J.: 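Structure in structure tokens, see below.
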Protein chains: 2
Amino acid sequence: MIRQGRRKVPAVSRPTSKDVAQEAGVSQSTVSLVLGGKWTGRVSPATARSVRSAARRLGYRPNLAARNLRLGTTRTVLLMVPTLTAPFFGPVYTGAARVASRHGFGVVVSTWSDGTTAPERAAERGAEGPFADSPFAVPDEAIDGVLASSLAVEALGEFRQTPAVMLDSGPAAPSGPFSVTCVPTVDFGVADGMRDIVAHLAALGHRRIGHVAAGVDQWTFRARADALAAGLAPLPGAALLRATCAIDVGSAKDAAARLLDRADPPTALICDDDLIAAGAYKAARARGLDVPADLSITGFDDVLLATALEPELTTVRLPAEELGAQGMTALLDLLAGRRPAPRVLPGELIVRGSTAAPRA
Amino acid sequence: MIRQGRRKVPAVSRPTSKDVAQEAGVSQSTVSLVLGGKWTGRVSPATARSVRSAARRLGYRPNLAARNLRLGTTRTVLLMVPTLTAPFFGPVYTGAARVASRHGFGVVVSTWSDGTTAPERAAERGAEGPFADSPFAVPDEAIDGVLASSLAVEALGEFRQTPAVMLDSGPAAPSGPFSVTCVPTVDFGVADGMRDIVAHLAALGHRRIGHVAAGVDQWTFRARADALAAGLAPLPGAALLRATCAIDVGSAKDAAARLLDRADPPTALICDDDLIAAGAYKAARARGLDVPADLSITGFDDVLLATALEPELTTVRLPAEELGAQGMTALLDLLAGRRPAPRVLPGELIVRGSTAAPRA
DNA sequence: CTGAAAGCGCTTACAG
DNA sequence: CTGAAAGCGCTTACAG
């Protein structure tokens, strides 16, 4: 009986394929063939039946570690996202896990801004487990591929050998150890979404626009800023004011306040994220400004919060769950030796109650 | 070279402990001893050094499948939660993953209400992978233990052999295949939290109280209802009205509306969840009621949404991340052969802007 | 149609 | 202080 330092061996050990073979009166190979679904033409139907019933009787489940060792595959994929505490990435996980499970793959997730930083983690793990020098909770040998949110570009260096797909990182090469051609991407059409927002606001009559921007140097936010500037440029008399903040309600409130407290405040606030929009609502309310009568506000993402706010938020819906699903599909393609084409998921402008014509 | 149906073998295979041994001019056993940290007194410091540097030079990472097979352990734990799309469980995961990673354990998560039901999943997996008859994305052989949200009680039957810890399921026996004594629990002090809410509202002068209750038959919600009734009972002239809903904003809005549209509407609404409170805000606004002047509203959980609402929500903070962390600590204790005592995490009343004295 | 055997990469008694 | 060997439970040529 194996006995590891801190762990008791289960009272009764689980049946193996050898046990099933014995029970069915056949060899281990036959059991493997039948249970692995590769028996047709090689094992008689009667034998197959008896193997199956023996397996059921014994409650046999194959040992995955053994299979993985033999096959050199783990059927596990790593999802790297900044956090699971904020609203956006839960659905990304859900979508990814859905398609993974459909193909017999599991998903483990690694986050790096949930309180602990990567280096701290490395130290923590090193303190206890051997070989624990990866900054991530999941060692790279345990996975077949990685699905990484764009923020993870540098971290990807860790997994140089591992097939990867980048999420929302833009069509250009991430500035890491990778070239364009080797990392497939799935992106949102954020530029189109921003153009739709600008067009919507312009049609309502807004000309002085404030941009409450996420202070994160990332393709997805640069693309938003660029599209906003481009969309506003042709409008006669248009002005663009910008304030930058972290992606949280408090920081966003402050940034919005800076814009609203100007001598010439904007009549509309375009926010890079729904969370930022929530902060903008607060800044408006604190100044007695009615949304949307005194101030129009827009968001990005369409997370649950967007419809919980009052009035409900006009925003661009980014299909987060679909991002996870498409990303996983691309990764599975890659693992199967195919070359997935870059994909773009269109954002959709959802007009709700937070936008209206500016006061005359 | 191994070659599996759908997967290419990596161009250059990863170095094994045998390669390291050769590079360092020692045996495989010595490599294992050194890298496993069990060498002191058994291997000379000089040899240890040379093994380490050989490992570094080759970029050696141990093969986890092999280690798991040998040790009969996976150092992986399954977290079963209803969803990762709603706000509460992200932090639970974060807390669990944090302590797990500190002990060299990984966490995989399994959700069952994210669109797909368990039986559907089983069918899906069966369609592709062999042996895929578990309803969960993670087969039970691949894990050492499970951390399960109370909603998962029936699902736990799947993992009869596996050490488990229940989260927020109450101190009594879950009505599944387990008895009290065999499943450790970590619970929230929801009854105390509810008592605090009632006391707070009563002190403000409220007597007609509406309970917008989650229509889920679960210990945590039954405990809230019981504590509410118990807290109100001694108050002279107190009345309790109840409406039931699903835990989403739309359903909650309808339930709150039913209470507010009565001839004798309540002056305060106690909601079982912050999401439900958001629905109550909407029902109030739709009727032109000011919160908190015309109607006080309280929530439960203190998710991000609570401070995004306007006015900010008075609620009971349930330390979700701590639940995950404590649960994982208990599970790790269990795996180490210890008997973790049941734990209760106190909720804390956070008074914000959504509660005030009723109108005279 | 079926079985005996090799081997995936580790860890750990055991023998020197 | 160090090495040779067994064995974890699978899958897959290979031989009958």
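Protein chains get the first letters and strands the later ones, always in sequence-line order, with residue 1 at the start of each. Remember, predicted model here, so these are calculated numbers, not experimental data.
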J.: Between atom CD in Gln22(B) and atom P in dA4(D), what is the gap in whole Å?
T.: 13 Å
J.: Hey, mind stepping through Arg57(B) and Ser53(B) against side-chain contact (heavy atoms from CB on, under 4.5 Å) and telling me if it holds?
T.: CA-CA 6 Å; Arg57(B) 231 169 316 146; Ser53(B) 92; 2.9 Å; yes
J.: Grab the CG-C1' distance between Asn63(A) and dC8(C) for me, whole Å please.
T.: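 It is 13 Å, rounded to the nearest whole Å.
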J.: Give the C-alpha distance, both sets of side-chain angles, the deciding distance and a yes or no for side-chain contact (heavy atoms from CB on, under 4.5 Å) between Thr16(A) and Asn63(A).
T.: CA-CA 8 Å; Thr16(A) 71; Asn63(A) 179 315; over 6 Å; no
J.: Which dot-bracket string describes DNA chain D (Watson-Crick N1-N3 plus N6-O4 or O6-N4, or G-U N1-O2 and O6-N3, all under 3.5 Å; [ ] crossing; | other strand)?
T.: |||.||||||||.|||
J.: Below 3.5 Å is the cut-off: list the nitrogen or oxygen pairs between protein and nucleotides 5-7 of chain D, distance only.
T.:
none

J.: Show each protein N/O and nucleotides 14-16 of chain D N/O combination with a separation under 3.5 Å, one pair to a line.
T.:
none

J.: If we ignore hydrogens and angles and just use 3.5 Å, is the side chain of Arg343(A) paired with the main-chain N or O of Pro184(A) as donor and acceptor?
T.: no
J.: Looking only at the side chain of Val26(B) (C-beta and beyond, no hydrogens), which of the listed nucleotides dG3(D), dT12(D), dC10(C) gets closest?
T.: dG3(D)
J.: Return the value, rounded to whole Å, for the distance between atom NZ of Lys38(A) and atom P of dT2(C).
T.: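 Whole-Å distance recorded here is 19 Å.
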J.: Mapping Pro15(A) and Gly25(B) onto DNA chain D by nearest heavy atom, which one lands closer to the 5' end?
T.: Gly25(B)
J.: Whole-Å distance between dG9(D) P and Leu69(A) CG?
T.: 12 Å
J.: Go through dC1(C), dG3(D), dC1(D) for me and flag the one nearest to the Ser44(B) side chain.
T.: dC1(D)
J.: Identify the heavy atoms of Ala24(A) and Val51(A) that sit nearest to each other, and give their distance.
T.: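 That would be CB-CA, 4.0 Å.
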J.: Looking at Thr47(A), does any N or O in its side chain come under 4.0 Å of the phosphate oxygens OP1/OP2 on dT2(C)?
T.: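 It does, given that an N or O in the side chain of Thr47(A) lies less than 4.0 Å from OP1 or OP2 of dT2(C).
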J.: What is the minimum heavy-atom distance between Arg98(A) and Ala325(A), and which atoms define it?
T.: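 Residues Arg98(A) and Ala325(A), closest heavy atoms: NH2-CB, 4.0 Å.
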J.: If I compare all heavy atoms of Leu147(B) with all of Gly324(B), which pair ends up nearest, and what's the gap?
T.: CD2-O, 4.1 Å
J.: Can you spot which of Thr73(A), Thr74(A), Asn68(A) makes a side-chain hydrogen bond (donor to acceptor under 3.5 Å, both in side chains) with Asp144(A)?
T.: Thr74(A)
J.: Tell me whether the OP1 or OP2 atom of dC10(D) has a side-chain N or O from Ser17(A) closer than 4.0 Å.
T.: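 Answer is yes, contact under 4.0 Å.
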J.: Could you tell me which non-hydrogen atom of Thr76(A) sits nearest to which non-hydrogen atom of Val108(A), and how far apart they are?
T.: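 For Thr76(A) and Val108(A), the tightest heavy-atom pair comes out as CG2-CG1, 3.8 Å.
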J.: Using atom CG of Leu35(B) as one end and atom C1' of dT12(C) as the other, report the distance to the nearest whole Å.
T.: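 Going from Leu35(B) (CG) to dT12(C) (C1'), I get 16 Å.
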J.: In terms of heavy-atom contacts, does CD of Gln22(A) have more than 12 from other residues, nucleotides or ligands at under 6.0 Å?
T.: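 No, because the 6.0 Å sphere around CD of Gln22(A) holds 12 heavy atoms or fewer from other groups.
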J.: Can you tell me the distance, in whole Å, between the NZ atom of Lys18(B) and the C1' atom of dA4(D)?
T.: 12 Å
J.: Within the structure, does a side-chain N or O atom of Thr16(A) lie under 4.0 Å from either OP1 or OP2 of dG9(D)?
T.: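 So the side-chain polar atoms of Thr16(A) never come under 4.0 Å of the phosphate oxygens OP1 or OP2 of dG9(D).
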J.: For the side chain of Tyr93(B) and the backbone of Val109(A), is there at least one donor-acceptor N/O pair under 3.5 Å apart?
T.: yes
J.: Rounded to the nearest angstrom, tell me the gap between atom CH2 in Trp39(B) and atom P in dC1(D).
T.: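 The answer, rounded to whole Å, is 10 Å.
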J.: Could you check how far CG of Asn68(B) sits from C1' of dC10(C), rounded to whole Å?
T.: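 Rounded to the whole Å, the gap is 10 Å.
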J.: Taking for each residue the nucleotide of DNA chain D bearing the nearest heavy atom, is the 5' side occupied by Ala66(B) or by Thr30(B)?
T.: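 With Ala66(B) and Thr30(B) compared, the 5'-side residue is Thr30(B).
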J.: Do we see a donor-acceptor contact under 3.5 Å between the side chains of Ser27(A) and Thr30(A)?
T.: yes
J.: Is there a donor-acceptor pair closer than 3.5 Å between any side-chain N or O of Ser32(A) and the backbone N or O of Gln28(A)?
T.: no
